[in-house]
Amino acid sequence: MDNERRLQILENLSHETNEAWTREWREELTPEELDFVAREDDRYCDGVQALCTAILIRERVRQRFQPQEIEELTTIYDHCRLRLRDGRMFLARLDKGGGLTLDEIGEAC
């Protein structure tokens with residue numbers, strides 16, 4: 001598959017909706033193109049999951065700390081870096097049960 005075709009497929013992917021007619025172009029893909037689309041679909045799902053996870057983390061951080069305690073809250077893919085006004089820094093993430101986990105990190109991060 002050449003770069004022009006790859007770009008065309010990416011354009012088609014960006015215009016898909018829940019309407020079946022926006023996905024009809026998939027019916028004429030070659031096996032190589034189907035693999036490419038499957039990888040792009042997986043990347044999209046991973047990105048949406050990371051976004052949702054980061055939103056949940058930010059909400060849980062805001063429930064745990066008062067706004068005046070937070071110096072910085074930065075989203076990094078599917079986790080957040082939290083810097084408190086007292087100087088402590090944490091990697092904020094969700095545990096397997098969906099709870100907030102704070103791993104203290106040093107200044108180099």
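Values below: all heavy atoms of this structure, side chains included; hydrogens, waters and symmetry mates excluded. For this chain, numbers begin at 1 and follow the sequence in order.
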Worksheet entry | Separation of E59 CD from R64 CZ (nearest 0.5 Å) | 15.5 Å

Worksheet item: Would one find more than 12 heavy atoms of other residues, nucleotides or ligands at under 6.0 Å from atom OH of Y77?
Response: yes

Worksheet item: Under the side chain to side chain contact (heavy atoms under 4.5 Å, CB included) criterion, do L82 and E72 qualify, and how do the steps go?
Response: CA-CA 6 Å; L82 169 64; E72 174 188 14; over 6 Å; no

Worksheet item: What's the verdict on side chain to side chain contact (heavy atoms under 4.5 Å, CB included) for Y44 and L13, showing C-alpha distance, side-chain angles and the deciding distance?
Response: CA-CA 10 Å; Y44 177 81; L13 279 168; over 6 Å; no

Worksheet item: Should L84 and L91 be regarded as members of a common hydrophobic cluster, given that ILVMFWY residues are connected when their side-chain heavy atoms come within less than 4.5 Å of each other, either directly or indirectly?
Response: no

Discussion item. Please check this pair: side chain of R23 against backbone of T17, looking for a donor-acceptor N/O pair closer than 3.5 Å.
Written reply: yes

Discussion item. Could you work out, with side-chain contact (heavy atoms from CB on, under 4.5 Å) as the rule, every residue matching E28, not counting sequence neighbours?
Written reply: none

Discussion item. When you group the ILVMFWY residues by side-chain heavy-atom contacts below 4.5 Å and let the links chain together, are L56 and F65 in the same group?
Written reply: yes

Discussion item. Does either side chain, that of R5 or that of Q8, offer a donor lying less than 3.5 Å from an acceptor on the other one?
Written reply: yes

Fill in: Pair listing, salt bridge (Lys or Arg N to Asp or Glu O under 4.0 Å) test, anchored in residues 92-104, at least two apart
R93-D103

Practice prompt. Mind checking the CD1-CZ spacing from I70 to R58? Nearest 0.5 Å is all I need.
Written response: 9.0 Å

Item to complete: Say whether, by atom type as modelled, one donor and one acceptor occur between the side chain of T53 and the main chain of D78 under 3.5 angstrom.
Response: no

Practice prompt. Report yes or no: does H15 contribute a side-chain atom to a donor-acceptor pair with the main-chain N or O of E11 at less than 3.5 Å?
Written response: yes

Discussion item. Check this for me, if you would: do E71 and R85 make a salt bridge, where the nitrogen-to-carboxylate-oxygen distance has to be below 4.0 angstrom?
Written reply: yes

Practice prompt. Check the surroundings of atom CD in Q49: do more than 12 heavy atoms from other residues, nucleotides or ligands lie under 6.0 Å from it?
Written response: no

Worksheet item: Restricting to pairs with a member in residues 38-54, which pass salt bridge (Lys or Arg N to Asp or Glu O under 4.0 Å), not counting sequence neighbours?
Response: R26-D41, E40-R43

Item to complete: Using the ring of F36 (Phe, Tyr or Trp, six-membered ring only), decide whether R6 places NZ or CZ under 6.0 Å from its centre and within 45 degrees of its axis.
Response: yes

Worksheet item: Please walk me through it: do L94 and T101 pass side chain to side chain contact (heavy atoms under 4.5 Å, CB included)?
Response: CA-CA 6 Å; L94 296 181; T101 298; over 6 Å; no

Discussion item. Hydrophobic cluster membership, with links at side-chain heavy-atom distances under 4.5 Å among I/L/V/M/F/W/Y: are F90 and L73 in one?
Written reply: yes

Response to the item:
d(I57 CD1, R62 CZ) to nearest 0.5 Å is 12.0 Å

Worksheet item: Is there a donor-acceptor contact under 3.5 Å from the side chain of R81 to the main chain of I105?
Response: no

Item to complete: Look up atom CG in L7 and atom CG in N12, then write down how far apart they are to the nearest 0.5 Å.
Response: 11.0 Å

Fill in: M1-L34 co-clustered via ILVMFWY side chain contacts under 4.5 Å
yes

Worksheet item: Which heavy-atom pair separates C80 from A54 by the least distance, and what is that distance?
Response: SG-O, 4.2 Å

